[in-house]
Amino acid sequence: MSSSKALIKTLIKNPTRIKTKHQAKQLHAQFLRTQSLSHTSASILISIYTNLKLLHEALLLFQTLESPPVLAWKSVIRCFTDHSLFSRALSSFVHMRASARCPDHNVFPSVLKSCTMMSDLRFGESVHGYVVRLGLGCDLYTCNALMNLYAKLQGMGARKVFDELPQRIDCDTVSSALPLGIDSVRKVFELMPRKDVVSWNTIVAGYAQSGMCEDALRMVREMGSEDIKPDAFTLSSVLPIFSEYVDVKRGKEIHGYVIRKGIDADVYIGSSLVDMYAKSARIEDSERVFSHLLRRDSISYNSLVAGYVQNGRYSEALKLFRKMVNAKVRPGPVAFSSVLPACAHLSTLHLGKQLHGYVLRGGYSDNIFIDSALVDMYSKCGNIKAARKVFDRMNVHDEVSWTAIIMGHALHGHGHEAVSLFEEMKLQGVKPNHVAFVAVLTACSHVGLVDEAWGYFNSMTEVYGLNPELEHYAAVADLLGRAGKLEEAYDFISKMRVEPTGSVWSTLLSSCSVHKNLELAEKVAEKIFAVDSENMGAYVLMCNMYAANGRWKEMARLRLKMKKLGMRKKPACSWIEFKDKTHGFVSGDRSHSSMERINEFLEGVMEQMEKEGYVADTSGVLHDVDEEHKRELLFGHSERLAIAFGIINTEPGTTIRVTKNIRICRDCHVAIKFISKITEREIIIRDNSRFHHFNRGSCSCGDYW
DNA sequence: GTAGGGTTAG
């Protein structure tokens, strides 16, 4: 008996010798067998349990104590924090204070962490006051936690406000009204008598996340002079700065340092490097870093997935996402908002739907990022109804989700709906940003709402203090051109406050072609060739216009030039999904295995079309061939092949969805209207700028496009 | 007690 009491004594004096749950329970049992459990020894047992993160056991014992001593309180508070039960940690802290127990310094890091995780700045500030009153304001760990609290909670609020400010408003008025988190961080930092690498890392991260990049880098240099070596934490705060600045050279230096320090396989460093290289358009370097990682978590995967998306490598993004799922790495919520845009770009509705299912099963349905991405994915994949459903089901709408649905309706030709959604957004108190204006102007342009567009364009500067950017000018120029106000459009573009790109002029050129104004077209083409001498589309359009006007000499001259420059027409392609596979068709290509059946179908339907009054419009065909051959060429246009493939392979009544890489030609637009009527199918085509919904012989664009 | 990836864009 006495030897066991001695054993207990030694163990109680060295609680760290208890290393396993089994040992702890044995000690507990010994206690109960040999002596009654005093408050002190119970507290020590609780702290042993909590050190082993055994919350349940600790709580059972804790509940037997009538007035728990400080050690017991401290232990359970820490344990709640370890288990992410932050609100219970905080309520325990309140209870402890109510029982007049005076805590010592080592509770505060946990309490402050809980405040941070709960985003409870108020509580955190009152804890700060309490710390100071207790004279514990110099404790290293407590101060580190305080800095983190201010950096996370005050910093975020301040940053958000700055992001939304139009540049014209004087920043002084704002910074004095809002306490900047970084100031509080700085204050705590400067008062610390002793600082360790964590203190430095916290302030570096604080500066970096407040966008004060130079200060962050300055602090890293200062660290060096205080003889504190930057570690993996420091570097992963600093690396995103280089991706933001797209300064690969300095980033590479850091990469070298990381390799020399042997921390290049660190997951955090790894994903920062992947991200940095991707943002500098060096995706191959991202891939290399990724392939060297020893361990890959969902964030390292997603850094590369996001990198692929940022660099337009959508299929690779989807492939890697699949690889991640196969590797049994659970995608976090962020992964979906990276991979959904890839589906949106590729128009892969079946994949997007699968991802949506995954989102629902994974319980991520209330995430505003994911929902916005879903809205965008559905509308870009041609299913505006599904997009609207997701949007209407959302609890809160921010400017991004509003913009996604407005743009969706705009792309589907529902200009009036888009405009009224824009008005609704403003009524709800959500301020439109640059992108929202791009969306509403696009909506106006697709349905020809000239007056409304002017109103919105002017309100940007007059009401919202936003400077119009290239996209806004482009949308207005496009609108004027489509509406036939060609001269007005020309003047507008000439007077833009941003240098117009070739593509802005190009939209006007195609309007000139539609409205048959050769004289202005020549002026516009000159502008285009001045900035982009090899603009294929402009050459083709001009050739067509010269041909239509019988100006054969000019046409021949251009054709010759095109030949010299070695230009070839970008092949027109269309895609259609069938049985979870994407089938691609190139104009005039007869290699698809179903080609015979496709031709048979097209010939049959053509016969009926002609009976109903279809006449081929060959004016858009640029070839030196006879009429008969031209009609054949139209016959082989890629969208017709894709539609035919869709119709012969699906049940009657199934909607046909086709994606095309360039604009539909006039003739196909007419032809598809007939096809939709004859076959009683809804046919949805996405070209490079919008959707056309063909149904019962008419198109949603109302032939305005 | 400290760190990395995300949604809307003619």
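This one's a predicted model, so the numbers in the text were calculated from it and none came from an experiment. Here is the naming used below: chain letters follow the sequence lines, and residue numbers restart at 1 for every chain.
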Within the 4.5 Å heavy-atom criterion, are Pro109(A) and Asn144(A) side-chain neighbours or not?
no

Under 4.0 angstrom, heavy atoms only, what part of the nucleic acid is [X] near: base, sugar-phosphate, or nothing?
| X | result |
| --- | --- |
| Asn688(A) | base |
| Asp398(A) | nothing |
| Thr234(A) | nothing |
| Val438(A) | sugar-phosphate |
| Asp371(A) | nothing |
| Pro333(A) | nothing |
| Asn367(A) | base |
| Lys195(A) | nothing |
| Ser271(A) | base |
| Val375(A) | nothing |
| Asp478(A) | nothing |
| Ser272(A) | sugar-phosphate |

So does Thr116(A) get a backbone contact from the side chain of Lys113(A), meaning a donor-acceptor N/O pair under 3.5 Å?
no

Residues that Ser286(A) engages under side chain to side chain donor-acceptor pair (under 3.5 Å), provided they are two or more places apart
none

Going 5' to 3' along DNA chain B, between which two nucleotides do contacts with chain A fall, using a heavy-atom cut-off of 4.0 Å?
dG1(B) to dG10(B)

With a cut-off of under 6.0 Å to the ring centre and 45° to the axis, is Lys195(A) in cation-pi contact with Phe189(A)?
yes

Would you check if there is a donor-acceptor pair between the side chains of [Y] and [X] at a distance under 3.5 Å?
| X | Y | result |
| --- | --- | --- |
| Glu469(A) | His434(A) | yes |
| Asn688(A) | Asn661(A) | no |
| Thr81(A) | Ser114(A) | yes |

Side chain to side chain donor-acceptor pair (under 3.5 Å) partner of Tyr277(A), the single match among His255(A), Arg282(A), Glu287(A):
His255(A)

Scan residues 404-411 of chain A against DNA chain B and write down, sorted by residue number, each residue with any heavy atom closer than 4.0 Å; if none is found, say none.
Met407(A)

Ion pair Lys261(A)/Asp231(A), N-O distance below 4.0 Å:
no

